[in-house]
Number of protein chains: 2
Amino acid sequence: MSAHQALQLFLRKLSERSCLNQEERRAVLELEGQEVEYAPHRDIVRPGELTDFCCLIISGMAARFGQLPDGTRQITAVYIAGDMCDLYSLMLPKVEWALQALSSRLVLLKVPHRKMQDIVHAYPAVAEAFWRDCVADASILSQWVVNIGRRDALMRTAHLFCELGLRIEIAGLGRRTAFQLPVIQSQMADALGITPVHMNRVIRALRQQGLLTVQGRDVQVPDWNALAQAGGFESGYLAIDQRWRTLA
Amino acid sequence: MSAHQALQLFLRKLSERSCLNQEERRAVLELEGQEVEYAPHRDIVRPGELTDFCCLIISGMAARFGQLPDGTRQITAVYIAGDMCDLYSLMLPKVEWALQALSSRLVLLKVPHRKMQDIVHAYPAVAEAFWRDCVADASILSQWVVNIGRRDALMRTAHLFCELGLRIEIAGLGRRTAFQLPVIQSQMADALGITPVHMNRVIRALRQQGLLTVQGRDVQVPDWNALAQAGGFESGYLAIDQRWRTLA
DNA sequence: CGCTTATTTGAACGCCTTCAACGTGAGTGG
DNA sequence: CCACTCACGTTGAAGGCGTTCAAATAAGCG
């Protein structure tokens with residue numbers, strides 16, 4: 001995918017929740033930045049740093065990591081192509097988390113805060129769309145707290161596969177019943193708050209129950225409704241199919 | 001506390017992270033709404049509802065709840081006096097969570113979205129401050145995912161007591177070493193993703209280690225640094241002591 | 001005081017972790 | 001072309017943290 005296609009995808013995601021007119025849409029599409037490729041485990045953003053850019057994912061996947069003193073990690077957000085990750089940093093440039101590549105090849109567009117501020121300043125409705133994007137991101141985060149806090153490992157896993165499948169489908173990068181997930185099991189474990197060993201057992205259990213097959217990066221969901229039920233998944237928190245605009 | 005005092009507290013919290021001029025500050029202080037008292041377990045906001053107001057807490061505590069089909073609940077955010085809870089709803093009026101009183105007497109100011117939109121429209125810097133407040137809230141949420149995902153019950157609990165103590169101190173409602181927490185143990189358990197029974201045992205363990213004493217609603221922290229270390233607490237994620245303003 | 005709700009403690013169970021080992025596939029260099 | 005390496009995936013067994021169930025005590029509130 002090209003930078004321009006990623007911007008179009010980003011705009012489409014914004015437009016799913018916010019109403020933007022022709023001029024505002026053009027402003028988003030005209031965002032510019034530096035195109036960079038990252039290898040896994042390379043920090044895009046380091047905790048404690050002052051950030052001066054946002055990252056639009058062109059291809060691959062990235063994640064936000066929280067880290068404990070003893071080195072154990074917890075993924076707090078997963079981003080796919082067309083996601084503007086770390087939009088938060090526009091409001092709080094001093095970030096408290098790390099941003100890293102998940103997939104082996106991650107290409108992203110580093111858009112300077114300066115340029116983001118320019119269109120936020122010029123177009124209040126775009127600012128609102130960005131704000132709403134942050135809120136939608138927080139809504140997902142909120143759901144993750146519920147998952148990790150109150151569901152067992154099997155439900156959590158089923159739920160995460162549902163979320164990722166649906167987000168990938170909405171982005172037009174695959175179908176919820178068959179998609180590519182360029183992520184290894186220990187990364188999934190880091191997202192779910194379990195150990196890699198147990199992650200493996202849970203995936204096996206899901207396979208044995210006919211809910212999921214994972215071969216390499218290839219995810220197949222034979223019966224999506226069954227998986228959604230096993231994970232207690234309800235898509236409402238993704239805040240899709242509802243558009244808002246409070247500014248004139 | 002009065003509605004006006006709560007607004008002043010809210011403004012002070014905003015001002016800790018955002019720069020606002022005299023006029024913008026006045027606009028915030030002039031927010032109006034309906035003053036309402038809620039009993040515990042009474043829903044302020046119900047999941048799936050369309051909300052048309054934000055809640056400023058005048059006194060008491062409230063929480064955001066995620067709920068599973070089987071009835072188990074997970075608290076995803078805790079709010080104290082001066083917090084504008086559900087600021088999110090200004091961007092996504094269709095909320096996916098419940099908002100309820102924690103304390104026996106919760107008084108809040110229901111500010112209509114209409115009035116919030118007015119000042120957001122009139123003062124871009126206030127909009128930015130609100131946006132930043134949402135991001136700060138999400139930063140806390142992010143930390144909660146790390147806590148629940150990767151720390152054992154004792155660390156989690158210590159961490160939450162540190163966070164609440166510090167937030168209460170910053171709001172001027174107590175000291176981090178001695179404060180009132182109008183919350184029962186099973187609610188704490190709901191916030192930490194553990195059972196009430198285990199919550200009780202963990203609090204006992206903290207007491208036996210000399211880190212914490214809880215008697216009724218009265219929390220005493222003999223050695224705050226020790227508690228912070230036990231919980232791996234670092235205050236950075238609360239995004240205090242750092243002010244930003246991107247708009248002119 | 002009597003009722004309800006919250007706290008506290010005990011004992012058994014179970015999900016998940018931990019540690020350890022083996023299998024497997026892709027990439028590399030001899 | 002094959003052995004080597006290394007990271008990932010897979011499986012087994014034992015142990016621990018937290019749950020579950022049950023009951024007793026304490027505390028709030030009419």
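Reminder, nothing fancy here: chain letters follow the sequence lines and each chain counts from 1.
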**OP:** Any chance you could list the contact pattern along nucleotides 14-24 of chain C? Use B for base contacts, S for sugar-phosphate-only contacts and - for none, protein heavy atoms under 4.0 Å, 5' to 3'.
**Re:** --SBBB-----
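- Nucleotides of DNA chain D with any atom under 4.0 Å from a heavy atom of chain B span, from 5' to 3', D/dG18 to D/dC21.
- Within 6.0 Å of CD in A/Q229 there are 12 or fewer heavy atoms belonging to other residues, nucleotides or ligands.
- Taking atom CE of residue B/M188 and atom P of nucleotide C/dA6, one finds them 15 Å apart after rounding to whole Å.
- Between A/H41 and A/F65, the distance from one ring center to the other does not fall under 6.0 angstrom.
- To the nearest angstrom, P of C/dT5 lies 19 Å from CG of B/N200.
- Here the side chains of A/W97 and A/P47 are not in contact, with every heavy-atom distance at 4.5 Å or above.
- For A/F233 and A/W224, the distance between ring centers is under 6.0 angstrom.
- More than 12 non-hydrogen atoms from other residues, nucleotides or ligands lie less than 6.0 angstrom from CD of B/Q180.
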**OP:** Please step through side chain to side chain donor-acceptor pair (under 3.5 Å) for the pair A/R64 and A/T76, ending with a clear verdict.
**Re:** CA-CA 6 Å; A/R64 206 169 58 214; A/T76 59; 3.1 Å; yes
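- Between the side chains of A/R46 and A/Q100, no donor-acceptor pair of N or O atoms lies under 3.5 Å.
- Relative to the axis of its first five pairs, the axis of the last five pairs of the helix from C/dC1-D/dG30 to C/dA21-D/dT10 sits at 40°, rounded to 10 degrees.
- Looking only at distances, no side-chain donor or acceptor of A/R217 sits under 3.5 Å from a matching main-chain atom of A/I184.
- Taking 4.0 Å as the cut-off between side-chain N and carboxylate O, B/E16 and B/K13 do not count as a salt-bridged pair.
- Annotation for A/L238 and A/E163: closest pair CD2-CG, 4.1 Å, computed over non-hydrogen atoms.
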